[in-house]
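Residue indices begin at 1 and follow the sequence shown.
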Amino acid sequence: MSKVTILVPTLNEEQALPQTIGCLGTLHPPADEILLVDGGSEDATRQLGIEAGLTVLSSPKRGRGPQINFGVLQASGDIICVLHADSTLPVDAIAEIRKAMANPRLSLASFTPRIAGPNGTRWGSTVHNWLKTWYIPLLMRPWLFFKGVRLLFGDHAMFFRRDQFLEVDGCDEEVVVMEEADLCIKLARFGRTQMIPRWVWTSDRRIAAWGRWRANWIYVKVGMMWALGARKRLADHYPDIR
């Protein structure tokens, strides 16, 4: 049976992390390993992880891409699931991950994100998040789209095989935003990428901070800029809300 590592990149996530840690404690079956890979938090993030009994690692370089790369190198699992610190998995996530990755034609998969907050699910943004996994590759990478590649994003709780991740040299550390989508293209050499029909609940904190229309415009703009070749400038268009 494949070993599954849950990898949580963090930076100053003391507000969101308790709910995510609570979710990880309810997984059945449990993950074989949970790594919290911190990028130099200045709040209680690391302490929360330690108190919860997680393995807390300090990444030598800040940034989600570098932190994912560092965590994968340290991981003992055959399959890695990258979970954002403001997201929660279904209770049977580990079984679903193993089931999906038993298909050798699948190189990378994710759960289906449901964007929600104190006032409930934001269905408009949730549906748009699903649609852009289809329309961005269809418009910008049609040859990959028709090979079965869907563009997955970080809040989808993506999972992949550790050995294939290492074979493609992991995340591009120069890509500050859209690093997980970039990874989709790299892993497409091994097979299809797709969402599975199970929710991962992800915080609506960006939409709450930016406003619904502005948030969805930012998502479209950054996605299109990335598809057209922009890499280092994307962070200028994606404000940090922590």
Output yes when [X] and [Y] qualify as a salt bridge under the 4.0 Å nitrogen-oxygen rule, no when they do not.
| X | Y | value |
| --- | --- | --- |
| Lys3 | Glu33 | no |
| Asp32 | Arg98 | yes |
| Glu13 | Arg205 | yes |
| Asp172 | Lys186 | no |

- Item | Leu108/Cys184 under side chain to side chain contact (heavy atoms under 4.5 Å, CB included): CA gap, chis, key distance, verdict | CA-CA 7 Å; Leu108 179 146; Cys184 282; 3.9 Å; yes
Between [X] and [Y], is any pair of side-chain heavy atoms under 4.5 Å apart?
| X | Y | value |
| --- | --- | --- |
| Ile185 | Leu144 | yes |
| Leu24 | Ile6 | yes |
| Leu151 | Lys132 | no |
| Thr193 | Ser107 | yes |
| Arg192 | Asn103 | yes |
| His156 | Thr133 | yes |
| Asn129 | Asp155 | yes |
| Thr55 | Ile34 | no |

- Let me see the working for Asp86 and Thr202 under side chain to side chain contact (heavy atoms under 4.5 Å, CB included), right down to the final yes or no. CA-CA 6 Å; Asp86 63 345; Thr202 190; 4.0 Å; yes
Nearest non-hydrogen partners of [X] and [Y], listed with the distance:
| X | Y | value |
| --- | --- | --- |
| Ser58 | Arg46 | OG-NH1, 2.7 Å |
| Val149 | Gly191 | CG2-O, 4.4 Å |
| Pro9 | Ile68 | CG-CG1, 4.0 Å |
| Ala157 | Leu89 | CB-CD2, 3.8 Å |
| Ile94 | Pro29 | CG1-O, 3.3 Å |
| Ser59 | Val37 | CB-CG1, 4.0 Å |

- Donor-acceptor contact below 3.5 Å, side chain Arg141 vs main chain Arg150: no
- Main-chain N/O of Asp92 paired with Glu96 side-chain donor or acceptor, under 3.5 Å: no
- Please say whether more than 12 non-hydrogen atoms of neighbouring residues, nucleotides or ligands are located less than 6.0 Å from CZ in Arg189. yes
- Task: Tell me, yes or no, whether the heavy-atom count around Gln15 atom CD, taken from other residues, nucleotides or ligands under 6.0 Å, exceeds 12.
- Result: no
Less than 3.5 Å apart, any donor N or O on the side chain of [X] or [Y] sitting next to an acceptor on the other?
| X | Y | answer |
| --- | --- | --- |
| Asp38 | Thr10 | yes |
| Asn12 | Glu42 | no |
| Arg162 | Ser76 | no |

Quick check for you: to the nearest 0.5 Å, what is the distance between [X] atom [atom1] and [Y] atom [atom2]?
| X | Y | atom1 | atom2 | result |
| --- | --- | --- | --- | --- |
| Thr45 | Glu14 | OG1 | CD | 6.0 Å |
| Arg214 | Arg206 | CZ | CZ | 12.5 Å |
| Leu187 | Glu167 | CG | CD | 9.5 Å |
| Arg122 | Asn119 | CZ | CG | 7.0 Å |
| Glu180 | Leu183 | CD | CG | 8.0 Å |
| Phe153 | Glu179 | CZ | CD | 11.5 Å |

- Message: side chain to side chain contact (heavy atoms under 4.5 Å, CB included) for Asn69 and Glu173? Distances and angles first, verdict last.
- Response: CA-CA 8 Å; Asn69 287 346; Glu173 298 191 0; 3.0 Å; yes
- Task: Would you please indicate yes or no on a ring centroid separation below 6.0 angstrom for Phe159 and Phe111?
- Result: yes
- Query: Applying the 4.5 Å side-chain criterion to the ILVMFWY set and letting contacts propagate, would Trp201 and Met158 be lumped into a single cluster?
  - Reply: no
- Message: As a test of understanding, state which of Thr88, Thr121, Thr126 forms a side-chain hydrogen bond (donor to acceptor under 3.5 Å, both in side chains) with Arg114.
- Response: Thr121
- Task: Applying side-chain contact (heavy atoms from CB on, under 4.5 Å) between Phe160 and each of Val72, Leu152, Ile79, Val168, report the one that passes.
- Result: Val72
